[in-house]
Amino acid sequence: MSTTHQTVLDVLARHRPRTAAEAADTERVRALVAAGDPWPRSNPLHVTASALIVHPGSGRVLLRWHRQHQSWLLVGGHADPGEDDPLAIALREGQEETGLPDLVPWPDADVRHLVIVPVPAGPREPAHEHADLRFVLATEKPEAARPENPGAPLRWLTPREAHEAVTKTNIRDTISRVEPLLTH
């Protein structure tokens, strides 16, 4: 799939925050970009890109179990060295984490939610924050989903089931933003 390369600033130029908290997070990301490279994991606040994967035909969403957080989450993560296109990062991460070969931005390539998420300290890194740019990706082959490892199972759920399974409010907010796209 070919997409036009976009930077964090390109994404932010089209994004319209829905809440005061999201507007504040968006301004923090703008400041982060103005200060230099927003992607390195060594920054206490750094950009990540994720996606809610959907199967429009059935109206279901795909969630991934995250062992460290003990929660159902979106697919996504950090930029690899040399990457700076948020959508391309979300697509790569989605393909790696689900094995889905046909992921495409849906219904468009816009960010659906921007949220800064605190990340607790782990065995190899201090506490930090992710400025997560969240997209929607679609597949026409939901049966092809395969977890990248046995500790990261995947589940196809209706949006209602996803709301019940998810423990993180910010993930529920993302699902709520996508749900109306699946019900028309």
Side-chain angles (χ1 to χ4, degrees), residues 1-6 11 15 39 41 46-115 117 119-120 122 124 130-184:
M1 183 193 96
S2 89
T3 60
T4 302
H5 182 87
Q6 58 183 357
V11 168
H15 181 63
W39 297 102
R41 294 174 82 146
H46 52 270
V47 172
T48 56
S50 63
L52 182 59
I53 295 176
V54 300
H55 177 241
S58 67
R60 294 178 299 157
V61 301
L62 184 64
L63 297 177
R64 177 186 186 270
W65 181 254
H66 197 290
R67 191 181 313 177
Q68 179 183 349
H69 295 284
Q70 291 293 294
S71 182
W72 291 100
L73 301 177
L74 309 178
V75 299
H78 296 91
D80 284 348
E83 289 182 320
D84 66 354
D85 181 332
L87 178 57
I89 293 163
L91 281 162
R92 176 187 52 76
E93 289 280 348
Q95 290 166 345
E96 289 174 0
E97 295 178 11
T98 69
L100 290 167
D102 67 334
L103 293 174
V104 294
W106 185 85
D108 53 42
D110 290 344
V111 165
R112 292 286 168 224
H113 193 193
L114 183 156
V115 61
V117 180
V119 179
R124 294 173 290 180
H130 288 170
D132 200 29
L133 304 174
R134 296 180 176 173
F135 298 88
V136 179
L137 303 177
T139 181
E140 289 301 320
K141 300 177 182 180
E143 70 284 353
R146 302 286 181 273
E148 72 179 319
N149 66 63
L154 303 169
R155 284 179 68 190
W156 282 106
L157 302 164
T158 66
R160 187 169 68 74
E161 291 167 337
H163 277 285
E164 293 170 5
V166 168
T167 60
K168 309 274 185 204
T169 301
N170 70 82
I171 303 292
R172 282 192 194 117
D173 291 345
T174 301
I175 294 165
S176 292
R177 291 175 184 217
V178 175
E179 188 171 6
L181 300 172
L182 294 167
T183 58
H184 60 330

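Side-chain atoms are counted along with the backbone in the values below, which use heavy atoms only and exclude waters and symmetry mates. All residue numbers refer to positions in the sequence shown, counting from 1.
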Participant: Any side-chain heavy-atom pair from Arg155 and Leu62 closer than 4.5 angstrom?
Facilitator: no
Participant: Side chains of Leu87 and Pro105: closer than 4.5 Å at any heavy-atom pair?
Facilitator: yes
Participant: Tell me whether Glu97 contacts the main-chain N or O of Gly94 through its side chain, where contact means a donor paired with an acceptor under 3.5 Å.
Facilitator: no
Participant: What's the shortest heavy-atom distance between His78 and Glu93, and which atoms?
Facilitator: O-OE2, 3.3 Å
Participant: For the pair Arg92 and Asp80, find out whether any cationic side-chain nitrogen is under 4.0 Å from an anionic carboxylate oxygen.
Facilitator: yes
Participant: So, for Gln95 and Leu103, which heavy atoms are closest and what is the spacing to 0.1 Å?
Facilitator: N-CD1, 3.7 Å
Participant: Between Val61 and Ile53, is the side-chain contact (heavy atoms from CB on, under 4.5 Å) condition met? List the steps.
Facilitator: CA-CA 6 Å; Val61 301; Ile53 295 176; over 6 Å; no
Participant: With a 4.5 Å limit on heavy-atom distance, are the side chains of Leu63 and Leu154 in contact?
Facilitator: no
Participant: Minimum heavy-atom separation for Ala145 and Trp156, please, with both atom names.
Facilitator: CB-NE1, 3.9 Å
Participant: How long is the span from the CG atom in Leu73 to the CZ atom in Arg67, to the nearest 0.5 Å?
Facilitator: 13.5 Å
Participant: Starting from the C-alpha separation in whole Å, work towards a yes-or-no answer on side-chain contact (heavy atoms from CB on, under 4.5 Å) for Val115 and Asp173.
Facilitator: CA-CA 10 Å; Val115 61; Asp173 291 345; over 6 Å; no
Participant: Please step through side-chain contact (heavy atoms from CB on, under 4.5 Å) for the pair His15 and Leu114, ending with a clear verdict.
Facilitator: CA-CA 9 Å; His15 181 63; Leu114 183 156; 3.9 Å; yes
Participant: Restricting to non-hydrogen atoms, name the atom on Thr167 and the atom on Ser71 that form the minimum distance, rounded to 0.1 Å.
Facilitator: OG1-OG, 2.9 Å
Participant: Do Val75 and Ser50 have side-chain heavy atoms sitting under 4.5 Å apart?
Facilitator: no
Participant: Closest heavy-atom contact between Ala90 and Leu137?
Facilitator: O-CD1, 3.8 Å
Participant: Heavy atoms, side chains only, cut-off 4.5 Å: are Pro86 and Phe135 in contact?
Facilitator: yes
Participant: Regarding Arg160 and Thr158, do their side chains bring together a donor and an acceptor under 3.5 Å, going by distance alone?
Facilitator: no
Participant: Just verifying a value: how many Å separate Leu157 CG and His163 NE2, rounded to the nearest 0.5 Å?
Facilitator: 11.0 Å
Participant: Within this structure, what is the NE2-CD1 distance for the pair His69 and Ile171, rounded to the nearest 0.5 Å?
Facilitator: 9.5 Å
Participant: Quick one, Leu181 and Arg112 - any side-chain contact, counting heavy atoms below 4.5 Å?
Facilitator: yes
Participant: Can you tell me how far the OG1 atom of Thr139 sits from the CH2 atom of Trp106, to the nearest 0.5 Å?
Facilitator: 12.5 Å
Participant: Is Asp102 reaching over with its side chain to a backbone N or O of Glu140, donor-acceptor style, under 3.5 angstrom?
Facilitator: yes
Participant: Distance alone, cut at 3.5 Å: any donor-acceptor contact between the side chains of Arg134 and Thr174?
Facilitator: yes
Participant: Quick check for you: to the nearest 0.5 Å, what is the distance between Glu96 atom CD and Leu91 atom CG?
Facilitator: 11.0 Å
Participant: Any side-chain to backbone donor/acceptor pair from Arg60 onto Gly57? Under 3.5 Å, distance only.
Facilitator: no
Participant: Under the 6.0 Å and 45° cation-pi test, does Arg64 pair with Trp72?
Facilitator: no
Participant: Applying side-chain contact (heavy atoms from CB on, under 4.5 Å) to Asp85 and Ile89, what does each step give before you reach the verdict?
Facilitator: CA-CA 6 Å; Asp85 181 332; Ile89 293 163; 5.7 Å; no
Participant: With rounding to the nearest 0.5 angstrom, report the CD to NZ distance, Gln70 to Lys168.
Facilitator: 9.5 Å
Participant: Counting C-beta onward and ignoring hydrogens, is there a side-chain heavy-atom pair between His55 and Lys141 closer than 4.5 Å?
Facilitator: no
Participant: Is it the case that the side chain of Thr98 and the backbone of Leu100 share a donor-acceptor pair, with hydrogens and angles ignored and the cut-off at 3.5 Å?
Facilitator: yes
Participant: Give me the atom names and distance for the closest heavy-atom approach of Ala162 to Ile175.
Facilitator: CB-CD1, 3.7 Å
